[in-house]
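Read through the structure below, which is laid out as structure tokens, and then see the notes.
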Amino acid sequence: MFTQLLSDIGGLWEKYGTVYLTGIANTLILAITATLIGCIIGFFCGILQTIPCGPNENIVKRVLLKLIRIIIRAYVEIFRGTPMILQAVFIYYGMPYFFGVSFKDIWTVSIIVVSVNTGAYMAESVRGGIMSIDPGQFEGAKAIGMNHWQTMLYVILPQTLRNIMPQIGNNYIINVKDTSVMFIIGFSDFFAVHKMVSGAVFKYFPSAFLEMFGYLCLTLLASFLLRKFEKKLAGKSNYELVNADQLVMAAGTYSYPADGSPFDETSKDYKGEAK
Amino acid sequence: MSEHILEVRHLSKAFGSHAVLKDIDFTVDKGDVTSIIGASGSGKSTLLRCINLLETLTTGEILFHGQDVTKGNINQSSYRAKVGMVFQSFNLFSNMTVLANCMIGQQKVSGIPKEEARKRAIYYLNKVGMAPYINARPDQISGGQKQRVAIARALSMEPEVLLFDEPTSALDPEMVGEVLDVMKSLAKDRMTMLVVTHEMSFARDVSNHVVYMADGVIEEAGPPSVIFTNPQSQRTRDFLKRILDT
């Protein structure tokens with residue numbers, strides 16, 4: 001019984017091994033690209049949604065920001081609230097109706113659909129991640145003169161990224177599996193290979209077995225790598241003290257600070273002790 | 001003649017219908033060390049946050065070298081870069097090392113090249129005694145060390161005024177001393193400072209100007225010798241009696 005299954009799988013692999021592998025490669029490329037683009041969309045929405053807007057700002061800015069928030073809200077609700085398989089159909093078959101053009105390239109459509117879908121989920125994850133950052137971090141950045149973009153880019157988003165890494169991992173793993181619905185527009189991913197092969201040789205269960213095993217390997221590998229990456233983001237757990245003498249040399253107390261600064265003892269204007 | 005760096009005029013701040021600051025007026029001259037004292041809830045911290053534009057004022061103006069910074073036509077970022085702030089809760093960037101904390105503002109806000117920013121950061125970290133820790137991250141050092149790094153971060157922007165918002169209130173008693181020592185050395189270097197504090201010894205011995213606030217107004221202001229030995233207002237007397245006796 002079991003040997004029968006093994007020999008069937010072996011037969012399939014021998015004959016269609018490269019086809020399965022191509023399927024895996026397509027699935028991986030689509031999932032990785034779409035997750036990355038989705039993250040970028042998510043972070044972008046996160047930055048836009050958190051632009052501070054006091055009651056003293058001018059009316060144009062306030063209206064504009066309100067509009068941006070409404071658009072992002074609508075985007076998130078629409079793409080989070082409808083099945084991806086339908087979104088694919090909508091975009092692929094809807095383009096000719098609305099714009100008179102159709103996508104020739106299935107890859108482009110697939111990447112757009114999965115990215116935009118991931119982006120909708122990520123926008124909410126990022127928003128949650130930003131809200132969870134201590135407000136003191138924003139104030140610390142503001143207090144040294146950073147503007148909103150700089151604060152976000154250098155201080156808030158790196159911390160957000162670390163906090164929502166598990167969410168990104170979730171999204172990636174979901175994408176590895178759910179890209180299989182792209183067969184509806186003819187994308188030949190790992191699952192599409194199963195349909196094709198089992199249809200040709202009528203070995204439904206052995207092929208499904210192979211697919212199960214393949215998908216599990218892909219997601220386990222992803223989990224493993226994501227854990228590693230999370231550890232890397234957390235930074236080193238210890239640090240080395242640096243020899244103070246070397247630092248004083250490197251600091252160049254004579255070449256720095258600039259003329260006129262309160263600590264410039266070499267300057268003629270230095271009024272340290274004398275008052 | 002001394003030059004007014006900061007001038008606060010008729011500043012009022014209300015959160016909703018609750019007036020926190022009422023018609024505050026005072027000036028800070030170059031080299032001044034001003035201590036703002038008063039009971040909790042008297043509006044000291046809010047005043048400081050207004051000066052750094054972290055809160056928007058309800059009415060009034062803040063003049064920096066004679067120019068009103070509360071109006072839209074001034075670049076708030078470059079103003080904030082010149083007016084440093086040290087917080088009660090340190091607010092060091094937790095995703096960066098101590099060194100990067102002191103470099104990022106210089107590089108991104110002031111556009112200083114990396115090598116120079118590094119030199120300057122290390123110079124000021126050395127000044128506060130934290131240079132050996134450049135590779136540590138904020139969650140790996142103690143509260144007093146964090147606050148000293150926060151001071152170095154503010155200093156490395158080479159500000160004209162430094163604002164301190166209760167810099168020692170979140171620290172264990174044995175760490176208060178190291179931070180006060182740094183602040184004293186800055187005062188000795190004629191750094192212009194505006195310090196909200198509960199450390200009466202600092203207000204009395206280090207600052208040359210003391211402002212006592214109560215219920216959102218400046219109750220009394222003057223040199224520490226007057227405020228601490230011969231206060232004019234009854235409220236000031238009561239406050240000092242209460243705080244110095246305990």
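In what follows, chains carry the letters A, B, and so on, assigned in the order in which the sequence lines appear, proteins first and then strands, with residues in each chain numbered from 1. Note that the structure is predicted; figures quoted are calculated from it, not measured.
- Within the 4.5 Å cutoff, side-chain heavy atoms of B/Arg49 are placed close to those of A/Glu139.
- With chain A as partner, the option from B/Ala154, B/Ala81, B/Gly105, B/Ala136 having the largest number of non-hydrogen pairs under 4.5 angstrom is B/Ala136.
- The shortest heavy-atom contact between A/Ile144 and B/Met157 is O-CE, 3.3 Å.
- Using non-hydrogen atoms only and a strict 4.5 Å limit, the part of residues 142-153 of chain B facing chain A consists of B/Arg153.
- By the salt bridge (Lys or Arg N to Asp or Glu O under 4.0 Å) test, A/Glu77 pairs with A/Arg73, A/Arg80, sequence neighbours left out.
- Against chain A, the residues from residues 93-101 of chain B that qualify, each with a non-hydrogen atom under 4.5 angstrom away, are B/Phe93, B/Ser94, B/Asn95, B/Met96 in number order.
- Only the side chain of A/Gln150 comes within less than 4.5 Å of a heavy atom of chain B; its backbone N, CA, C and O stay farther away.
- A 6.0 Å sphere centred on CZ of B/Phe15 holds more than 12 heavy atoms belonging to other residues, nucleotides or ligands.
- The line from CG of A/Asn147 to CZ of B/Arg80 is 10.0 Å long, rounded to the nearest 0.5 Å.
- In this structure, the portions of A/Ala141 lying under 4.5 Å from any heavy atom of chain B include both its backbone and its side chain.
- For A/Trp107, the ring-ring contact (aromatic ring centres under 6.0 Å, His included) partners are A/Phe187, not counting sequence neighbours.
- B/Leu125 does not touch chain A: none of its heavy atoms, backbone or side chain, sits under 4.5 Å away.
- Without hydrogens or angle criteria, A/Gln137 side chain to B/Leu92 main chain gives a donor-acceptor distance under 3.5 Å.
- Looking at B/Asn135, the atoms closer than 4.5 Å to chain A (heavy atoms on both sides) sit in the backbone and in the side chain alike.
- Taking all atoms of both residues into account, the shortest heavy-atom contact from A/Gly140 to B/Phe87 is CA-CE1, 3.8 Å.
- Taking OH of A/Tyr239 as the start and CD of B/Gln140 as the end, the distance is 6.5 Å to the nearest 0.5 Å.
- Heavy atoms of B/Val83 lying under 4.5 Å from chain A belong exclusively to its backbone.
- Within a 6.0 Å radius of CZ in A/Phe44, no more than 12 heavy atoms belonging to other residues, nucleotides or ligands are found.
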